[in-house]
Visitor: 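Quick one: the structure is below, and I'll ask about it shortly.
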Amino acid sequence: MWLLIRRELEGKDSSDFGQLRGYLPLGIIVALSIYLFGPRVTGLLDVGKINSFLSILGVILVLGSLSERLEKDDANYQMTFLQTLPVRKSQIVHAKFLNILFLCALMFVVLYIFISLNRWMNGVWMLAPWTELYAFMSFLLFLSAVTLFFYFKLGYQRIQWVFLLSLLIWGGAFMLIGSIMQYARFPVHPSLSLIISLILYFISWGMAVRKVNIKGIPDEFGSDYSSGD
Amino acid sequence: MENSRRPLLEVSGLSKSYPDFQLQDVRFQLPAGTIMGFLGRNGAGKSTTMKAIMDLVKRDDGDIRILGMSMPKEEVAVKEQVGYVGDTPLLNNAWTMERTLNFARHFYPNWDQDAVEQNLAYFDIPRDKKISELSKGMKVKASLILAMAHQPKLLLLDEPTSGLDPVVRTEVLELLLDFVQDESRGVLFSSHITSDVEKIADLVTVIDDGKIFISEDKESLLDRYRRIVIPGSGEKEAVDSPLLFNCQATMGGYVGYTNRFQQFQGEATGDWHSERLTLEELFVLLTGRKED
C-alpha cells in the first residue's frame with residue numbers, strides 16, 4: 001500500500017520526493033515577495049490580498065499536481081499496469097485518495113506557515129479566524145473529491161467538465177454557508193465549509209471504492225465503452 | 001496432487017456485453033506445460049477475453065480459475081502467479097527500466113533478480129534509458145521481462161509480436177518456448193500472426209465474433225482439416241460427400257475441405273488427394289465459413 005502511495009507522491013521524472021526539493025526556491029521567492037510587496041516596503045498589497053494570493057497559489061499547486069498525475073497515468077496506462085500487480089483494486093483507489101489528502105494536509109500546513117509569516121513580517125500579527133484558508137482548503141478538497149470520484153467512474157478522458165461543475169457547486173454552497181454565517185443567530189465557525197468538504201471527500205472515497213469493486217477501473221483513453229477486440 | 005492435474009487456466013461461460021459487441025459463453029482450458037495460440041480477427045474478442053481473465057474488464061457472467069483459484073475473488077494470490085503483457089506496453093514512459101523493475105519487485109514474493117538480469121542481457125535492454133526512448137520492439141521485450149520477473153506460472157500475452165520485426169519476433173518466441181520448458185507453466189498467446197502461433201503453440205483456440213469457434217490441439221486440428229483435391233478425371237461422387245464443404249470447381253477439377261479427414265479417407269472413392277493446410281489457411285477457412 002505504501003508503495004502505491006509513494007508512486008502517487010513521486011514526481012514523474014524523479015524519485016524520492018525529488019520534486020519537493022524543487023519547491024524550496026519557490027518558497028524563498030514567495031517569502032521575499034510577501035515582504036517586498038507587503039505594507040512595510042512597497043505597500044502594493046495589503047495583508048489580506050497576500051493571504052488570498054498565497055491560498056490561490058496553494059490550490060493551484062495541489063490541483064496542478066492532481067491533474068498532472070491523472071493525465072500522466074492515463075497516457076502511460078498506469079491504472080491498467082497497477083491492476084496487473086498483485087494488489088486489490090480498492091488499494092489503488094485508496095492510494096489516490098490518500099495522496100490528495102496528504103497533499104491537502106501538507107498544503108494546509110504550508111499555507112498556515114506562510115500566512116503567519118505574512119502577518120508577522122507585515123506587522124499585523126493576530127489570531128484572527130482563518131476564513132480564507134478554510135475556504136480555499138474546502139474548495140480544494142471538494143474539487144478533488146468530485147474529480148477523483150468521476151475519474152474512477154468514467155476515466156480521465158471523460159472528466160474535463162468536472163472542474164467547472166465543481167466550481168459552480170462549491171461556489172453556490174459557499175455562498176449559502178456564508179449567508180448562514182451572516183444571519184445565523186448562533187455562531188458558525190468558519191471551518192464548517194472545510195468540515196463539510198472533508199465529509200464529502202470521504203463519501204466520494206467510499207463511493208469510488210464501491211464503484212471500482214463492482215464495475216472495475218475504466219480503461220485508459222476511454223476505450224472502456226468501445227467494442228473490444 | 002490434485003492441483004498438479006488441474007488446468008492452469010479454466011475459462012467457462014465467460015460473457016461480456018458492450019453496446020456494439022458481445023463476448024458469449026467463452027470457454028477453454030489451458031493445461032500446464034503448453035502454449036495456447038489464441039487466434040481471431042480484429043474485433044473478434046481476443047483482448048476482451050484476455051482483459052476479463054485479468055479482471056481488467058469486469059465480466060457479466062462466467063467463471064475464471066487460474067491454478068484452481070477463482071478470479072477475482074483470489075485476485076492478489078492469482079496475480080502473484082500471472083504475468084500479463086497487454087496489446088499496448090503498460091510501462092511508464094517517464095521511468096527508466098531500472099526504476100520500473102525496482103517498483104514492481106516489491107509486490108512479488110517470487111521475484112527472481114537473476115532471471116531479470118539474464119533476460120535484460122538476452123534482450124539487450126538498457127537499464128538507465130527512459131522507456132520513452134526505447135523502440136517499440138524494446139518496449140515489448142521490456143514488458144516481457146517485467147511479466148516474467150516473478151517466475152509466473154501463467155503468461156497472458158495479448159498480441160506481443162504484432163508490429164515487431166522478424167528478428168525480435170523470433171527472440172520473443174524462443175523465450176516463450178524456453179519458458180514452458182518448466183512443465184508447470186503455460187502461455188496463452190493471442191495473435192493474428194498465424195505463423196507465430198504455428199511455430200510455438202501446442203493448442204489453438206479460435207474466437208470469432210465473440211464466440212469460441214474451436215479450441216483443441218494444433219496437430220490434431222491440422223490433421224482433421226484437409227484440403228481435398230479431386231482432379232477432373234476423378235469420381236464426381238466425392239464432391240457430393242457430406243464430409244466436404246466449400247467445394248469449388250477449379251481449372252483442373254474440384255477443391256473442397258473436410259474437417260473429418262479420417263472418416264473421409266475411409267469413405268471416399270475414386271481419384272483424389274489431400275493437402276495439409278497451414279494454420280493461416282485453416283484460420284481463413286474457419287473464420288470465413290462458420291461450420292459446426
Side-chain angles (χ1 to χ4, degrees), chain A residues 1-19 68-95 152-153 155 210-229, chain B residues 16 18-23 40-52 54-59 72 75-95 99-100 102-104 106-109 130-132 143 146-147 150 156 158-159 190 192 210:
Chain A
M1 184 67 179
W2 164 241
L3 279 166
L4 294 175
I5 298 168
R6 188 176 152 155
R7 188 198 77 91
E8 296 291 334
L9 289 169
E10 286 177 354
K12 64 184 192 306
D13 295 326
S14 56
S15 57
D16 297 321
F17 304 97
Q19 81 278 20
E68 188 191 17
R69 169 54 73 193
L70 297 185
E71 188 188 344
K72 297 284 177 197
D73 278 352
D74 188 72
N76 291 293
Y77 294 96
Q78 288 303 284
M79 286 295 106
T80 311
F81 169 62
L82 293 180
Q83 289 178 83
T84 66
L85 299 173
V87 294
R88 292 187 192 289
K89 288 182 178 59
S90 56
Q91 288 181 303
I92 298 170
V93 180
H94 291 326
F152 284 111
K153 185 174 170 59
R210 189 178 142 77
K211 190 266 153 195
V212 159
N213 282 337
I214 296 169
K215 296 263 184 187
I217 293 175
D219 260 7
E220 273 117 339
F221 292 106
S223 53
D224 197 22
Y225 299 94
S226 66
S227 87
D229 175 13
Chain B
K16 170 78 184 171
Y18 292 98
D20 53 354
F21 174 76
Q22 272 191 323
L23 207 58
R41 291 192 290 195
N42 289 333
K46 299 188 298 292
S47 292
T48 306
T49 304
M50 295 287 229
K51 285 179 180 171
M54 281 299 282
D55 199 42
L56 299 177
V57 297
K58 288 282 176 189
R59 61 181 186 260
E75 182 178 18
V76 174
V78 166
K79 286 179 179 173
E80 281 175 4
Q81 302 294 339
V82 177
Y84 173 80
V85 176
D87 49 355
T88 311
L90 306 175
L91 302 168
N92 190 335
N93 281 308
W95 285 12
R99 190 172 174 198
T100 305
N102 276 340
F103 174 73
H106 298 288
F107 291 92
Y108 295 102
K130 281 189 180 174
I131 300 292
S132 60
S143 300
L146 189 61
H150 56 284
L156 296 172
D158 192 2
E159 305 268 4
S190 89
H192 49 244

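Below, chain A is the first sequence line, B the second, and so on; all start at residue 1.
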Visitor: Name the region of Gln83(A), side chain, backbone, both or neither, that has any atom closer than 4.5 Å to a heavy atom of chain B.
Guide: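 Both backbone and side chain.
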
Visitor: Under a 4.5 Å heavy-atom cut-off, does chain B meet the side chain of Leu82(A), its backbone, both or neither?
Guide: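 Just its side chain gets close to chain B.
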
Visitor: Examine distances only and state if a side-chain atom of Lys46(B) and a backbone atom of Glu159(B) form a donor-acceptor pair shorter than 3.5 Å.
Guide: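 Answer holds: no.
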
Visitor: If you count heavy-atom pairs within less than 4.5 Å of chain B, which of Thr84(A), Thr80(A), Asp73(A) leads?
Guide: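 Ranked by contacts with chain B, first place is Thr84(A).
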
Visitor: Could you label the plane-to-plane angle of the Phe81(A) and Phe103(B) rings as parallel, tilted or perpendicular, counting under 30° as parallel and over 60° as perpendicular?
Guide: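 Geometry flag for Phe103(B) against Phe81(A): tilted rings.
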
Visitor: Heavy-atom cut-off 4.5 Å, strictly under: side chain, backbone, both or neither for Tyr84(B) against chain A?
Guide: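 Contact with chain A: side chain only.
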
Visitor: For chain B, find which of Ile214(A), Leu85(A), Val87(A) contributes the most heavy-atom pairs closer than 4.5 angstrom.
Guide: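 Of the options given, most contacts go to Leu85(A).
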
Visitor: Counting only non-hydrogen atoms closer than 4.5 Å, does Pro72(B) touch chain A with its backbone (N, CA, C, O), its side chain (CB onward), both, or neither?
Guide: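 The answer is neither part of Pro72(B).
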
Visitor: Test of understanding: with side chain to side chain contact (heavy atoms under 4.5 Å, CB included), list the residues that count as partners of Asn93(B), not counting sequence neighbours.
Guide: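 So Asn93(B) forms a side chain to side chain contact (heavy atoms under 4.5 Å, CB included) with Asn76(A), Ile131(B), Ser132(B), Lys139(B).
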
Visitor: With no hydrogens and no angle check, is any side-chain donor or acceptor of Lys215(A) less than 3.5 Å from a backbone partner on Lys153(A)?
Guide: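 Absent.
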
Visitor: Tell me, please, which residues at least two apart from Lys89(A) pass salt bridge (Lys or Arg N to Asp or Glu O under 4.0 Å).
Guide: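 For Lys89(A), the residues satisfying salt bridge (Lys or Arg N to Asp or Glu O under 4.0 Å) (neighbours in sequence not counted) are Asp55(B), Glu75(B).
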
